[in-house]
Amino acid sequence: MSTQEPSRESSDTRTRGPRLTAARVIDGAIALADEIGTDALTIRKLADAIDARPMSIYHHVPNKEAIIDGMVDQVFAEIDLPPTDTDWRTAILIRCTSMRQVLARHPWAAPLMESRTSPGPATLRHHDAVIGCFRGAGFSLDLTSRAYAIVDAFLYGFALQEATLPAIAGDDMAELAESIVAQMPVDRYPHLAEFTADHVLRPGYDFGAQFDAGIDLILEGLARAAADET
């Protein structure tokens with residue numbers, strides 16, 4: 001009589017996936033948030049997305065707030081630090097351009113980036129590098145504070161607009177602008193009508209193109225303020 005060992009295969013296929021780690025939880029949460037946002041993100045949805053049991057996630061990350069902490073830190077890790085081998089304006093511009101690209105990839109992130117009370121190492125490294133860039137250029141602590149606040153207010157605000165505007169360029173923008181104009185009494189809003197017809201509806205209009213002009217204005221103003229300190 002032959003004997004067979006009982007099957008060791010689990011009926012729960014989720015046990016056969018990659019080993020669950022905190023990094024896998026965070027990476028999965030970022031990918032899911034990129035699709036549905038953080039408000040809709042739940043532990044159960046995350047578990048389904050990474051092929052794991054909901055309770056197993058808590059063995060690696062204690063709660064949703066800790067997951068968001070990790071997500072924000074990972075987003076900061078994706079942003080280029082201001083290089084130290086060039087002038088401060090070029091360095092800050094490189095950092096700002098990278099940050100805009102990263103926030104476009106993760107449209108949920110902008111409102112959360114400065115909200116965390118337990119910042120991770122990438123977050124701290126990023127802030128230290130930006131402060132160091134301004135301080136290395138001779139900015140006082142007061143001007144460094146103002147510079148960082150103004151630059152990031154512009155960055156986060158622009159990222160939010162890009163993420164939430166119904167359209168920012170091309171045919172979609174033209175259709176949106178025409179639709180808005182068609183619904184409003186032009187004689188009551190003449191300046192808006194003129195701006196829309198003679199600027200927004202012109203070929204090649206791209207809201208995103210305002211980013212470079214805006215950051216240049218800010219950096220020029222900071223350069224003048226730094227010169228006044230010397």
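- Shown here for Ile50 and Gly28, the closest heavy-atom pair between the two residues is CG2-CA, 3.7 Å.
- To the nearest 0.5 Å, atom CG of residue Leu46 and atom CD1 of residue Ile26 are 8.5 Å apart.
- At least one side-chain heavy atom of Met99 sits less than 4.5 Å from a side-chain heavy atom of Tyr156.
- Partners of Arg44 by side chain to side chain donor-acceptor pair (under 3.5 Å), not counting sequence neighbours: none found.
- Side-chain contact between Asp152 and Glu114: present, with at least one pair of heavy atoms (C-beta onward) separated by less than 4.5 Å.
- Between the NZ atom in Lys64 and the OG1 atom in Thr38 there is a gap of 6.0 Å [rounded to 0.5 Å].
- Looking at Asn63, its side chain does come within 3.5 Å of a backbone N or O of Ala66 through a donor-acceptor pair.
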Can you give the donor-acceptor pairs under 3.5 Å from side chains of residues 184-198 to other protein atoms, not counting sequence neighbours?
unit_1 : atom_1 : unit_2 : atom_2 : d
Thr196 : OG1    : Leu192 : O      : 2.8

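- Between the side chains of Gln101 and Thr97, no donor N or O sits under 3.5 Å from an acceptor N or O.
- When side chains are defined from C-beta on, Trp108 counts as touching Ile30, because their heavy atoms get closer than 4.5 Å.
- Residues Asp69 and Ser118 approach most closely at OD2-CB, 3.8 Å, considering heavy atoms.
- Under the 4.5 Å side-chain criterion, counting only non-hydrogen atoms from C-beta, Tyr148 is in contact with Val130.
- Separation of atoms CZ (Arg95) and CG (Leu93) is listed at 11.0 Å; rounding is to 0.5 Å.
- For the side chain to side chain donor-acceptor pair (under 3.5 Å) test, no residue two or more places apart in sequence or in another chain qualifies with Ser56.
- Inter-residue side-chain proximity for Ile68 and Met71 is flagged as met; some heavy-atom pair is nearer than 4.5 Å.
- Judged purely by atom type and a 3.5 angstrom limit, Arg53 has no side-chain atom pairing as donor or acceptor with the backbone of Ile57.
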Show me, pair by pair, the donor-acceptor contacts under 3.5 angstrom made by side chains of residues 210-226, not counting sequence neighbours?
unit_1 : atom_1 : unit_2 : atom_2 : d
Gln210 : NE2    : Asp206 : O      : 3.3
Glu220 : OE1    : Arg89  : NH1    : 3.0

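- The hydrophobic clustering, which links ILVMFWY residues whose side-chain heavy atoms are closer than 4.5 Å, places Phe76 and Leu160 apart.
- Trp88 and Phe139 have perpendicular rings, their planes meeting at more than 60° on a 0 to 90° scale where under 30° would count as parallel.
- With respect to Arg125 and Asp73, no salt bridge is recorded, no charged nitrogen being found less than 4.0 Å from a carboxylate O.
- Contact detail for Pro107 and Ala163: the closest heavy-atom pair is CB-CB, 3.9 Å.
- Side-chain contact check for His126 versus Val75: every heavy-atom pair is 4.5 Å or farther apart.
- Every residue was checked against the ring-ring contact (aromatic ring centres under 6.0 Å, His included) condition with Tyr58, not counting sequence neighbours, and none meets it.
- Between Pro82 and Ala129, the shortest heavy-atom contact is CG-O, 3.7 Å.
- Interatomic distance, CG of Leu103 versus CE of Met113, reported as 5.5 Å (0.5 Å rounding).
- Leu81 and Ile94 fall into different hydrophobic clusters, where Ile, Leu, Val, Met, Phe, Trp and Tyr residues are linked whenever their side-chain heavy atoms come under 4.5 Å apart, directly or through other members.
- Between Ile131 and Asp128 the shortest side-chain heavy-atom distance does not fall below 4.5 Å.
- Cluster annotation: Val102 and Leu155 are assigned to the same hydrophobic cluster (Ile/Leu/Val/Met/Phe/Trp/Tyr, side-chain heavy-atom contacts under 4.5 Å, transitive).
- Of the inter-residue distances, the one linking Asp87 atom CG with Cys133 atom SG reads 8.5 Å to the nearest 0.5 angstrom.
- Applying the 6.0 Å contact sphere to CG of Asp228 captures more than 12 heavy atoms from other residues, nucleotides or ligands.
- A heavy-atom distance below 4.5 Å is found between the side chains of Leu141 and Arg135.
- Cluster membership check: Ile150 shares its hydrophobic cluster with Ile92, using side-chain heavy-atom separations under 4.5 Å among Ile, Leu, Val, Met, Phe, Trp and Tyr.
- Annotation: side chain to side chain donor-acceptor pair (under 3.5 Å) contacts of His60 (sequence neighbours excluded): none.
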